[in-house]
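Okay, structure first, notes after.
Per chain, numbering begins at 1; letters A, B, ... match sequence-line order.
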Amino acid sequence: MTGMHRFANPTRFLRIANAVLPWFAGLTVICFVAGLYLGLITAPPDYQQGETVRIMFVHVPAAWMALFVYSVMALASAVGFIWKHPLNDLVAKTSAPIGAAFTFLALVTGALWGQPMWGTWWVWDARLTSVLVLFFLYLGYMALWQAYDNPVKAAKPAAILALVGFVNVPIIKFSVDWWNTLHQPASVVTMEGPKMGNEFLIPLLVMAAAFKFYYLTVLIYRLRTEISARKIRALTLAQVEG
Amino acid sequence: MTGLGGLIVRDVQLAFRQGGAAFLAVMFFLLTVTLFPLGVGPELTILARISTGVLFVAALFASMLSLDRLFQADYEDGSLELLVLSPLPLPLVVLAKCTAHWLSTGVPLIIAAPVLALLMNMDEPGYPVLMLSMLLATPCLSLIGAIGAGLTVGIRRGGVLLPLLVLPLFIPVLIFAVGAVEAAINGLGPRPHLLVLAALLMGALALCPVASAAALRLAME
């Protein structure tokens, strides 16, 4: 039963997680309702962008979360790699699809906003390109986890990849900025939102909080599932070995 | 040190003899570049405009093509295990393998590049800078690729996974390598681009062998 020993700590984690989960879920709902009400009904249409400014309330928090989740993933990978802490490997693993979904959401809402505002779905702007590359990094990380039959063996290679990616994210961001400023007029970037008044800033921050609580809620759900799956796997293996 | 030298010589000899891996990379480079005029049309001004990008993207693919064999062949016949167990530090072993990969893939690409640039009607001021930025970019590709090769060494069908892992990491190298040549063609100084490219190479030289060696150790467990 050595396999089960490793989950002694996750069991303690689960006790805490189960206690805070309803709170996180409740806060997610409250923040989403408040944020969407403020963003879609209270906030006035922008004098320049009209009603399309409301896309920002989903787009900007999603883009923030895309970077935030990748940072969490890299940090958890580092802790898991150095101190061999299995729970951190699971945090990194379960965060990746959520982060990829946020990144995808940021790209799609950006395209929906770009069509009426810039007149095109996609421009090879520095910011768009670097978010697209971030999305590819997420996909590569998830593919590496998928490639191993034994999920316990996949944790460390995946951690190395997450850390290499984390070192590279600023380099990619910097290089794409450089590339863009050489080849594109800067007008596209300055169009990115007028100075923001409180009627826009408050719904934006409430939505950002909603996204963060949503992430924590889904993360705990996914962690619970993952821990159960590992336990079932360990028990099945123990049974087969007899 | 003699061990590392021996390793480089062995790998280069294998690349040139066994099925001619080096020859295949150059052939791939040549054929990919040849497809572009057929695809976009033979108009010389358009070809000149896209020549730099096409050359570097094709070189990147050609160098990636042989990456999955970097450790895989040694893994399959068991010599990788001996290398991991040997008294040589594993990051240095990885560095030696990367050097051999660069000598057998990167250097032939550098030599072939100006000939292909001629076919693509590249503007004249670009040639020396093309050689120089190729010289800086191709070792980066071997080094960064070694991380991907190390991570996929124990995996079945790892060769398919490899591009997904390393292509996003190649982006900065591609941007600055192309940027240097474009700057030279447009009469600007290519120096800043080349310096950044050199910085990327130094960073890759320091970090990639360590990351790749860590991945190899895991594959050997």
Over 12 non-hydrogen atoms of neighbours within 6.0 angstrom of [atom1] in [X]:
X	atom1	result
A:R233	CZ	yes
A:Y221	OH	no
A:F81	CZ	yes
A:Y148	OH	yes

Ignoring hydrogens, what is the shortest heavy-atom contact between [X] and [Y]? Give both atom names and the distance.
X	Y	value
B:L164	A:G140	CG-CA, 3.9 Å
B:L161	A:A143	CD1-CB, 3.4 Å
A:P157	B:L151	O-CD2, 3.3 Å

[atom2] on [Y] to [atom1] on [X], rounded to 0.5 Å:
X	Y	atom1	atom2	value
A:F136	B:I171	CZ	CD1	7.5 Å
A:Q146	B:I155	CD	CD1	11.5 Å
A:L137	B:L165	CG	CG	10.0 Å

Which atoms of A:L134 approach chain B - backbone, side chain, both or neither, heavy atom under 4.5 Å: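 Nothing of A:L134, per the 4.5 Å heavy-atom cut-off to chain B.
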
Is there side-chain contact between A:I171 and B:L200, with at least one heavy-atom pair below 4.5 Å?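 Yes, side chains in contact.
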
Just give me the residue among B:I175, B:V178, B:L207 that pairs up with chain A most often, heavy atom to heavy atom, under 4.5 Å.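 Maximum pair count with chain A is reached by B:I175.
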
